[in-house]
**Q** 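Got a structure for you, written out below as structure tokens; questions coming shortly.
To find a chain, count down the sequence lines: A is the first, B the second, and so on, and within it residues start at 1. Keep in mind that what you see is a predicted model, and the values were worked out from it rather than measured.
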Amino acid sequence: MNTISSRYNPQTVEDSRRDLWEKDHVFHAQANRKKNPFAIVIPPPNVTGILHMGHALNNTLQDILIRYKRMKGFEALWMPGTDHAGIATQNVVEKQLAKEGKTRHDLSREEFLQRLWDWKKQYGDTIIHQLKKLGSSCDWDRTRFTMDEPYSKAVNTVFIRLYKKGLIYRGRYIINWCPRCHTALSDEEAEHKETQGALYHIRYPLKDDPSEHVIVATTRPETMLGDTAVAVNPKDARYKKLIGKILILPLVNREIRIIADDFVDPQFGTGAVKVTPAHDPNDFQMGQRHDLETINILHEDGRMNENAKQFNGLDRFKARTAVIEALQKENLLERIDEHLHAVGHCYRCHTVVEPYLSRQWFVKMKPLAKPAIRVVKNGQIKFYPERWTKTYLNWMENIRDWCISRQIWWGHRIPVWYCKACGEDRPIVTDQKPGHCPCCRGKDLRQDPDVLDTWFSSWLWPFATLGWPKRSADLKYFYPTSVLFTAPEIIFFWVARMIMAGMEFQKKIPFSDVYIHGTVRDAQGRKMSKSLGNALDPLEIIQEYGADALRFSLIVNSGQDLFIAKEKFEIGRNFANKIWNASRLILMNTTDISTLDLHKNFKKLKTKDLPLACQWILSKLQTTTQDVETAIERFRFSEAETLVYDFIWKNVCDWYLEMVKSRFNEKEVQIVSLYILDQSLRLVHPFMPFISEEIYHNMTSDKKILSLQNWPTIDHRIKNPAMEQSMEGLFAVIAAIRNIRAQWHINNGADLCCILQCSANEYRFFESNFSVLETLAGINDLRLSQAPVKTKDMATALCGKIKIFIPLKGLIDVEKEQKRIETEIENCRHSCENLSKRLNDTSFLKKAPKDVVEKEKTRFAELSAKISELEKTLGDLA
RNA sequence: GGGCGCAUAGCUCAGCUGGUUAGAGCGCUGCCCUCACAUGGCAGAGGUCGAAGGUUCAAGUCCUUCUGUGCCCACCA
């Protein structure tokens, strides 16, 4: 290693480390009675996917936790896999077909599906390979796919169970229809975007008196062709006398009635609403209340159909213009107002969706939501950050039924058959094609052509990946899983539904913690996307900076939403380089020490006899380990990472190594340095697995794998907070001397005398660390003085030398400091008085909750201690 | 319309249950290629913590209002 370049080169390292892990199946986990399980399921990326920054962040977070837990001795399973992503994947393959000038209808269903499977075989693992490049320590042997045979079994089982329970039904309702994908979408799959549109005011003449008319306002004028009523609020005085009258629907000359319905808001538009039951969800409900006819005016591809009369065949948006022109011609268009409103778009292809009346399968959600609400409310499942709990509960409490059928071919075919004789009203719900119809014994059976929403399989992920519906040992051991990591936009699609499925089918929560991370944005705060062209490709970053650098930089920025520009990755790259070089320094100077016996040798050392620098860094190591653990357990990953960064860079490199580099000839210094390196590598490993593995694996003569080593254990006997504090004082003094030296432009080693005036305690401390002080401060004549330095001493010290006199207290303004401490003491006393008043007040003691009282008591004790400490400091100052 | 965030150094952000002198990285200034590292070292400058009130012995932190800004949800056509 000592001959290796001084610059860390991740490209030469990462592939081989990955091979090392894969070859030995290092990350394979199995039901193991001797250990505690810890499981994470990956949010399965789409098979269409290529790695983007969101994935990089999401998977790095998971990897940090799973590697940490693995090192902590858990049987840590990270379950990987991919999602078939129904519409998304079908779209990709249809685009391929389009290049050949074909549509899927030019192929048979089977041929088309074959194309999809071929595609999946060829590209479906792309994302998995890319996740590996990131360093993800998944149990790759278990990689699942949502359309695997056993997984499909789970999907069908769920469908059948819910159907039998009455929680799945089929019916004609208004759903969101994507005219480009030719399929129904769930409410969650229709993205509402603010759009500048127009509010068209149209005159509908009265039948009895064509000179009179009612003006209706609409944002989608073409839907008027399907109107079957006009509705007004029954309390609206303007229209009261018109209720029940007949209007002539312009352009189609259909007679429609004016009805009264509370739904109508008299304040909006003209207070009169055109009712189109086949093309608007509210109108549909009104239609049901008033028994109105539904007239469908659209083909599935968004063109007008024969019901649109002269507009037949026109695309819906062309029809809009045509309808407006026709109305203008007949002088029936009152006016057009600008209008900002939310328009639904397909979440996959961004086409404007149409509310469309069709027969679909639905899941009744309210009964499923109930237990899922309960487990979040009672804290069995916690969200991080906590505020997402509210978002979740709000959605769950207003949940609507879930449209699960999709009119596409790629996905789980709905396990339902229809008998030709008995018709679609008698669906046969079963896993396998039945031999005959159970009611008429007819043999002409046809399976429902539709497939299930892709989320209808994803919501089973935490247990279907573990073998359910089989009662596998894995399921028993690893379920419920521990933490779920995901992005906020997935809470409704996936997280909520997984909780419902878990409660329904396992009677247990699927995971206990949900960590919601931020969205990765560009430097301007825009969401990274291919279409905007602002996306940074993680693979490019890995190529240029290394996977460790990518991981480190993402996490360190990951408090909330991340604003990422390419330069942000330098911090990770530089840190990796720093680790590399610090390791070189240590390894070059510790060749006498066998790494085999490192821990044994270390244990033999008597900490108290070690050089101060060693004692200090060892103590700092304990503190850091403790803090990092706490941070990780609280899911404060960027904090944990910063702690490791500061420990290695600022403590180990900037101070420790600088203090000991001249003493590497001492054996115990070598042992401690090597030990610190060993432990540091363990600390960084969850964050930067490649470089840490590389250094560790190569420095151990028996080629141990770091991924399988233990997390550092904290030895409280080595911990010495008081000494840490003293050392920091020492560092401050050194900095002050250096500053003066710099200001005076005195070179290192110049003839310079420096007298430090310090307290008795400090005197003892500095005296024993004289050489360190001199070396680091660059002073060759350093003197300490407990007494105030007198002019005479100065004069002696100054013979022919440049003078520096630093009263240690001079680092701070003594008077100011005294004042500050005095006020501080006064404040604390005040607080103590208040507290003691309350603690002696019996009514307070009765009323206040126990923990509050306890807290105040602790606070009182703390404050008292603080006061005496402050008083002591004050005494020292004087 | 409802809900949730954010506003702290030139920039990007930490700052958790109020409590020493508000921190980091980048950028900036000065001095250094010293044999681990210039992807580096040392030192330094830079902050009325968005505004106004309030609670408190004590407020960046808690409360109210306002301003700016971002996101999510929602069937006002």
**Q** How long is the line joining CG of A:Leu340 and C1' of B:rC76, in whole Å?
**A** 14 Å

**Q** Check every strand shown and say whether A:Ala735 touches a base, only sugar-phosphate, or nothing at a heavy-atom separation below 4.0 Å.
**A** sugar-phosphate

**Q** Tell me the interatomic distance from A:Asp187, atom CG, to B:rC72, atom C1', rounded to whole angstroms.
**A** 16 Å

**Q** The side chain of A:Arg400 is closest to which nucleotide in this list: B:rC13, B:rA36, B:rA74?
**A** B:rA74

**Q** When you measure from the side-chain N and O atoms of A:Arg738 to the phosphate of B:rC42, is any distance below 4.0 Å, counting only OP1 and OP2?
**A** no

**Q** Would you measure the distance from the P atom in B:rU20 across to the matching atom in B:rG60 and give it in whole Å?
**A** 11 Å

**Q** Across all strands, who's sitting opposite B:rU69 as a Watson-Crick or G-U wobble pair, both distances under 3.5 Å?
**A** B:rG5

**Q** I want to verify a distance call: between B:rC16, B:rC42, B:rA36, whose nearest atom is closest to the A:Asp654 side chain?
**A** B:rC42

**Q** Which nucleotide in the list B:rA77, B:rA43, B:rA36 gets nearest to the side chain of A:Leu657?
**A** B:rA36

**Q** As an exercise, state the distance from CG of A:Asp187 to CH2 of A:Trp402, rounded to the nearest 0.5 Å.
**A** 12.0 Å

**Q** Between B:rU69 and B:rG50, how far is it from one C1' atom to the other, in whole Å?
**A** 11 Å

**Q** Which part of the nucleic acid, if any, lies within contact of A:Asp646, taking any heavy atom under 4.0 Å across all strands shown: a base, the sugar-phosphate backbone alone, or nothing?
**A** nothing

**Q** Please state how far atom CG in A:Asp627 lies from atom C1' in B:rC16, giving the value in whole angstrom units.
**A** 13 Å

**Q** Side-chain N or O of A:Asn574 versus OP1/OP2 of B:rG40: is the shortest distance under 4.0 Å?
**A** yes

**Q** If you assign each of A:Trp655 and A:Arg573 to its closest nucleotide in RNA chain B, which residue comes earlier from the 5' end?
**A** A:Arg573

**Q** Paired with B:rA24 by Watson-Crick or G-U wobble geometry, both distances under 3.5 Å: which nucleotide is it?
**A** B:rU12

**Q** Does the base of B:rA36 carry an N or O that pairs as donor and acceptor with the side chain of A:Glu658 under 3.5 Å?
**A** yes

**Q** Taking all non-hydrogen atoms of both residues into account, name the closest pair between A:Leu249 and A:Leu225 and its distance.
**A** CD2-O, 4.4 Å

**Q** Find the partner of B:rU48: check Watson-Crick (N1-N3 plus N6-O4 or O6-N4) and G-U wobble (N1-O2, O6-N3) distances, both under 3.5 Å, and reply none if neither fits.
**A** none

**Q** Return the nearest nucleotide to the side chain of A:Cys653; candidates are B:rG25, B:rA36, B:rU39.
**A** B:rA36

**Q** Measuring from the side chain of A:Phe492 (C-beta onward, heavy atoms only), which nucleotide among B:rG3, B:rC72, B:rA74 has the closest atom?
**A** B:rC72

**Q** A:Asp561 side chain to A:Thr519 main-chain N or O, any donor-acceptor pair under 3.5 Å?
**A** yes

**Q** Take atom P in B:rU67 and the same atom in B:rA51, then report the distance between them in whole Å.
**A** 15 Å

**Q** Between A:Glu188 (CD) and B:rC72 (P), how many Å, whole number?
**A** 15 Å

**Q** From C-beta outward on A:Ala342, which listed nucleotide comes closest to its side chain: B:rG40, B:rC4, B:rA74?
**A** B:rA74

**Q** In whole angstrom, give me the gap between the C1' atoms of B:rC33 and B:rC71.
**A** 49 Å

**Q** Using a heavy-atom cut-off of under 4.0 Å over every strand shown, decide if A:His339 touches base, sugar-phosphate, or nothing.
**A** sugar-phosphate

**Q** Would you say A:Trp649 reaches B:rG41's phosphate, i.e. side-chain N/O to OP1/OP2 under 4.0 Å?
**A** yes

**Q** Roughly how far, to the nearest 0.5 Å, is OG1 of A:Thr223 from CG of A:Asp283?
**A** 7.5 Å

**Q** Once you round it to whole Å, what is the distance between C1' of B:rC26 and CD1 of A:Ile564?
**A** 13 Å

**Q** Determine the interatomic distance between C1' on B:rA38 and the same-named atom on B:rG70; round to the nearest Å.
**A** 39 Å

**Q** Given the P atoms of B:rC28 and B:rC72, what is the spacing between them in whole Å?
**A** 36 Å

**Q** Measuring from the side chain of A:Arg584 (C-beta onward, heavy atoms only), which nucleotide among B:rC37, B:rG3, B:rG5 has the closest atom?
**A** B:rC37

**Q** Of the nucleotides B:rG25, B:rA74, B:rA77, which one has an atom closest to the side chain of A:Tyr645?
**A** B:rG25

**Q** Phosphate oxygens OP1/OP2 of B:rA77: is one of them under 4.0 Å from a side-chain N or O of A:Lys274?
**A** no

**Q** Now, which nucleotide makes the Watson-Crick or G-U wobble pair with B:rG53, with each of the two distances under 3.5 Å?
**A** B:rC63

**Q** Could you please name the option among B:rC37, B:rC75, B:rG40 that lies closest to any side-chain atom of A:Asn577?
**A** B:rC37

**Q** I want to verify a distance call: between B:rA36, B:rC76, B:rA24, whose nearest atom is closest to the A:Phe268 side chain?
**A** B:rC76

**Q** Does A:Arg636 place a side-chain N or O at less than 4.0 Å from the phosphate oxygens OP1/OP2 of B:rG15?
**A** yes

**Q** Write down the distance separating the C1' atoms in B:rU12 and B:rG53, rounded off to the nearest Å.
**A** 31 Å

**Q** Do A:Phe647 and A:Ile617 have side-chain heavy atoms sitting under 4.5 Å apart?
**A** yes

**Q** Which is true for A:Val264 with a 4.0 Å heavy-atom rule: it touches a base, it touches only sugar-phosphate, or it touches nothing?
**A** base

**Q** Both distances under 3.5 Å, Watson-Crick or G-U wobble: report the partner of B:rG30, or none.
**A** B:rC42

**Q** Would you call A:Arg220 and A:Glu354 a salt bridge, taking side-chain N to carboxylate O under 4.0 Å as the test?
**A** yes

**Q** Rounded to whole angstrom, note down the C1' distance from B:rG5 over to B:rA9.
**A** 23 Å

**Q** Any base atoms under 4.0 Å from A:Glu489, or only sugar-phosphate, or nothing? Heavy atoms, all strands.
**A** nothing

**Q** Using a heavy-atom cut-off of under 4.0 Å over every strand shown, decide if A:Asp265 touches base, sugar-phosphate, or nothing.
**A** base

**Q** Do NZ/NE/NH1/NH2 and the carboxylate oxygens of A:Glu222 and A:Arg320 come within less than 4.0 Å?
**A** yes

**Q** Rounded to the nearest 0.5 Å, what separation is found between the CZ atom of A:Phe637 and the CD1 atom of A:Ile555?
**A** 8.0 Å

**Q** Could you give the CG-to-P distance, from A:Asn398 to B:rA74, as a whole number of Å?
**A** 10 Å

**Q** Give none if B:rA74 has no partner; otherwise give the nucleotide forming a Watson-Crick or G-U wobble pair with it, both distances under 3.5 Å.
**A** none

**Q** Looking at the base of B:rC16, is there any donor atom on it, or on the side chain of A:Arg634, that sits under 3.5 Å from an acceptor on the other one?
**A** yes

**Q** Nearest whole Å is fine: how far is B:rG25 P from A:Leu643 CG?
**A** 14 Å

**Q** Which part of the nucleic acid does A:Phe575 contact within heavy-atom distance under 4.0 Å: base, sugar-phosphate only, or nothing?
**A** nothing

**Q** Expressed as a whole number of angstroms, how long is the span from A:Arg387:CZ to B:rC72:P?
**A** 13 Å

**Q** Kindly check if the number of other-residue, nucleotide or ligand heavy atoms within 6.0 Å of CD (A:Glu338) is above 12?
**A** no

**Q** Does a side-chain N or O from A:Lys650 land closer than 4.0 Å to OP1 or OP2 of B:rG25, or not?
**A** yes

**Q** May I ask you to check whether A:Tyr645 and A:Phe552 place their ring centers less than 6.0 Å from one another?
**A** yes

**Q** Hey, does A:Lys568 reach any base, or is it just sugar-phosphate, or nothing, if we go heavy atoms under 4.0 Å?
**A** sugar-phosphate

**Q** Has the side chain of A:Lys578 got a donor or acceptor that lies under 3.5 Å from a partner of the other kind on the base of B:rC37?
**A** yes

